[in-house]
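Below is one structure, written out as C-alpha cells; the observations come after it.
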2 protein chains.
Amino acid sequence: MPRTQHRETRQSHAVRAALAGNQQFQSAQQLHGRLRARGDGVGLATVYRTLQRLVEQGEVDVLRTDDGEAIYRLCSREHHHHLTCRSCRRTVEIDNSAVEAWARRIGEENGYADVEHIVELVGTCADCAAS
Amino acid sequence: MPRTQHRETRQSHAVRAALAGNQQFQSAQQLHGRLRARGDGVGLATVYRTLQRLVEQGEVDVLRTDDGEAIYRLCSREHHHHLTCRSCRRTVEIDNSAVEAWARRIGEENGYADVEHIVELVGTCADCAAS
DNA sequence: CTTTGTGCAAAGGCTTTGCATGCTT
DNA sequence: AAGCATGCAAAGCCTTTGCACAAAG
C-alpha cells in the first residue's frame with residue numbers, strides 16, 4: 001500500500017492551494033512568484049520539492065513546455081496520457097485502455113515483465129490550425 | 001519563396017548525417033557524443049546551432065523529454081519505438097503501426113492535426129527477471 | 001524526542017551567447 | 001574580400017542537492 005506519509009506544513013498547504021486556485025498548467029517559478037506575491041512566502045526549493053512529492057503521489061500532472069520548463073496541474077483522473085497543442089499548449093487528457101493493453105502485450109511477446117510506458121502526444125489544435 | 005540559405009560545412013554535414021543515421025529522436029548531446037566517437041569532432045555549440053537552423057527550416061522536429069531535454073529527428077521519417085530493459089538496457093525494436101494509427105485517431109477525435117508522439121516502454125527482460 | 005520539511009546557497013545539467021578565428025561563397 | 005559558421009569558454013535558466021535549523025507527529 002502506498003502509504004502517503006507527508007507532513008502538514010504551512011508551505012505545503014500554500015503550494016496545494018496555489019495549484020487548486022488555477023486549473024491551468026503552471027510552472028514552479030510561477031507558483032513561487034504567485035505565493036510570494038500573495039504573502040505566503042515559500043522557498044523556491046520547497047516549491048519544487050513539494051511538487052515532486054505531489055507528482056510521485058499521483059496528485060499532480062507534469063508536462064514540459066518547448067522551453068524545457070516543467071509545468072504542473074492537479075490531476076483529475078488516475079492514469080492517463082496527454083494530447084497537447086504545440087502552439088497554445090491546450091491539453092486534452094486521454095484515457096485509452098487500448099494503449100495499456102498494447103504495452104502489456106508487447107512486453108509479453110518479448111518476454112519483458114512489469115512494463116511501464118511513457119506516451120505523450122503533441123499536435124496542433126483546431127483553433128491554432130485555423131489561425 | 002525564401003530559399004533557406006545555409007553554408008555547406010564539414011560540421012553541418014556531420015550533424016545531418018548523424019540525424020539521418022538514426023530514425024529516432026536523439027538529444028543534442030547524444031548526437032555530439034556520437035560524432036565525437038565517430039571521429040567527426042564537432043563542437044557542442046555547433047551541434048546546437050545547426051539543429052536550431054534545421055528546426056527553423058522545418059527539416060527537423062523537436063520534442064521535449066520528461067527530463068526537459070530537447071530531442072531531434074529529421075522530419076517525415078518512419079520511426080519505431082523501443083522496449084528497454086530497466087536492468088540491462090537490452091533493447092527491442094517495436095513495430096509501430098498500431099501506435100501510429102492510435103495516435104492519429106486520438107488526434108482526429110480531438111481536432112488536433114499533425115500529431116507527433118513519444119512512446120517509450122520500459123520493462124524487465126526475461127534474463128534479468130530470472131536472476 | 002525523532003523524523004521530516006524548509007531555506008539558502010551552491011552545484012548540476014542542458015542550452016545559449018560573446019568573441020576571435022577559420023572557412024564558404 | 002565579406003560574411004556566415006565554428007570553437008571555446010562563460011553565462012543563463014530551470015532544477016536539484018547539501019546542510020543546518022525549524023517544525024510536525
Side-chain angles (χ1 to χ4, degrees), chain A residues 2-19 24-57 59-73 84 86 89 120, chain B residues 2-19 24-57 59-73 118 120:
Chain A
R3 170 102 231 118
T4 338
Q5 197 78 286
H6 71 77
R7 291 182 178 178
E8 303 291 321
T9 67
R10 176 185 67 76
Q11 292 89 336
S12 69
H13 280 158
V15 172
R16 296 177 74 109
L19 281 166
Q24 300 175 36
F25 280 95
Q26 309 169 74
S27 70
Q29 317 252 358
Q30 284 178 310
L31 286 164
H32 177 248
R34 194 159 299 188
L35 288 169
R36 173 149 300 183
R38 187 195 294 182
D40 288 338
V42 175
L44 181 57
T46 298
V47 174
Y48 277 109
R49 282 189 280 230
T50 303
L51 287 170
Q52 215 167 44
R53 268 195 305 263
L54 291 173
V55 170
E56 283 170 5
Q57 295 169 197
E59 295 185 42
V60 163
D61 272 338
V62 55
L63 292 177
R64 288 279 176 173
T65 69
D66 285 342
D67 297 330
E69 210 178 12
I71 47 180
Y72 308 82
R73 190 187 63 180
T84 305
R86 60 167 63 83
R89 286 288 142 195
E120 289 296 325
Chain B
R3 176 92 217 95
T4 359
Q5 200 79 283
H6 71 77
R7 291 185 176 173
E8 302 293 321
T9 66
R10 176 184 67 76
Q11 292 89 336
S12 68
H13 280 158
V15 172
R16 297 178 74 110
L19 281 166
Q24 298 174 61
F25 281 93
Q26 307 169 77
S27 71
Q29 316 252 359
Q30 284 178 311
L31 286 164
H32 178 247
R34 192 161 300 191
L35 288 169
R36 174 150 299 186
R38 187 196 294 183
D40 289 337
V42 175
L44 181 57
T46 297
V47 174
Y48 276 109
R49 283 189 281 229
T50 302
L51 288 170
Q52 215 165 44
R53 236 174 292 142
L54 292 172
V55 170
E56 284 170 5
Q57 295 169 199
E59 296 186 39
V60 163
D61 276 337
V62 199
L63 292 177
R64 288 276 176 174
T65 68
D66 285 343
D67 297 330
E69 210 178 11
I71 47 181
Y72 307 82
R73 191 193 64 185
I118 297 179
E120 290 297 327

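Quick note on labels: first sequence line is chain A, next is B, and so on, each numbered from 1.
When all heavy atoms of B:F25 and B:D61 are compared, the closest pair comes out as CE2-O, 3.9 Å. The two residues A:A28 and A:V47 come nearest to each other via the heavy atoms O-CG1, 3.8 Å.
With salt bridges taken as basic N to acidic carboxylate O contacts below 4.0 Å, one links B:R16 and B:E59.
B:T50 places a side-chain N or O within 3.5 Å of a backbone atom of B:T46 that can act as its donor or acceptor partner. No donor-acceptor pair closer than 3.5 Å links the side chain of B:H32 to the backbone N or O of B:G43. Distance alone, capped at 3.5 Å, is enough to place a donor-acceptor pair between the A:Q30 side chain and the A:S27 backbone. Between the side chain of A:H13 and the main chain of A:E8, no donor-acceptor pair closer than 3.5 Å is present. A donor-acceptor pair under 3.5 Å is formed between the side chain of A:R64 and the backbone N or O of B:D66.
Atom NE2 of B:H13 is separated from atom P of D:dT6 by 11 Å (rounded to the nearest Å). Between B:E69 atom CD and D:dT15 atom P there is a gap of 15 Å when expressed in whole angstrom units. If you take CD of B:Q29 and C1' of C:dT15, they are 8 Å apart, rounded to a whole angstrom. Rounded to an integer number of Å, the gap from CG of B:D67 to C1' of D:dT15 is 11 Å. The CD-P distance, from B:Q30 to C:dC14, rounds to 10 Å in whole Å. One atom, CD1 of B:I71, and another, C1' of C:dC14, lie 14 Å apart when rounded to the nearest Å. Between A:D66 atom CG and C:dC14 atom C1' there is a gap of 15 Å when expressed in whole angstrom units. Between B:L51 atom CG and C:dC14 atom C1' there is a gap of 13 Å when expressed in whole angstrom units.
Using modelled atom types, one finds a donor on one side chain and an acceptor on the other under 3.5 Å when comparing B:Y48 with B:Q29.
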Are there any protein N/O atoms within less than 3.5 Å of an N/O atom in nucleotides 22-25 of chain C, and if so, which ones and at what distance?
residue: C:dT24; atom: O2; partner: B:R7; partner atom: NH1; Å: 3.2
residue: C:dT25; atom: OP1; partner: B:E8; partner atom: N; Å: 3.2

Give every pair of a protein N or O atom and an N or O atom of nucleotides 16-18 of chain C that lie under 3.5 Å apart, one pair per line with the distance.
residue: C:dT16; atom: OP1; partner: B:Q52; partner atom: NE2; Å: 3.4
residue: C:dG18; atom: O6; partner: B:R49; partner atom: NH1; Å: 3.3

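Of the side-chain N and O atoms in A:T46, one or more sit less than 4.0 angstrom from OP1 or OP2 of C:dG7. Within the structure, a side-chain polar atom (N or O) of A:R53 is placed less than 4.0 Å from OP1 or OP2 of C:dT6. The phosphate of D:dA22 (OP1 or OP2) has no side-chain N or O of A:Q11 nearer than 4.0 angstrom.
When heavy atoms are screened at a 4.0 angstrom cut-off, B:S12 is found touching the sugar-phosphate backbone but no base atom.
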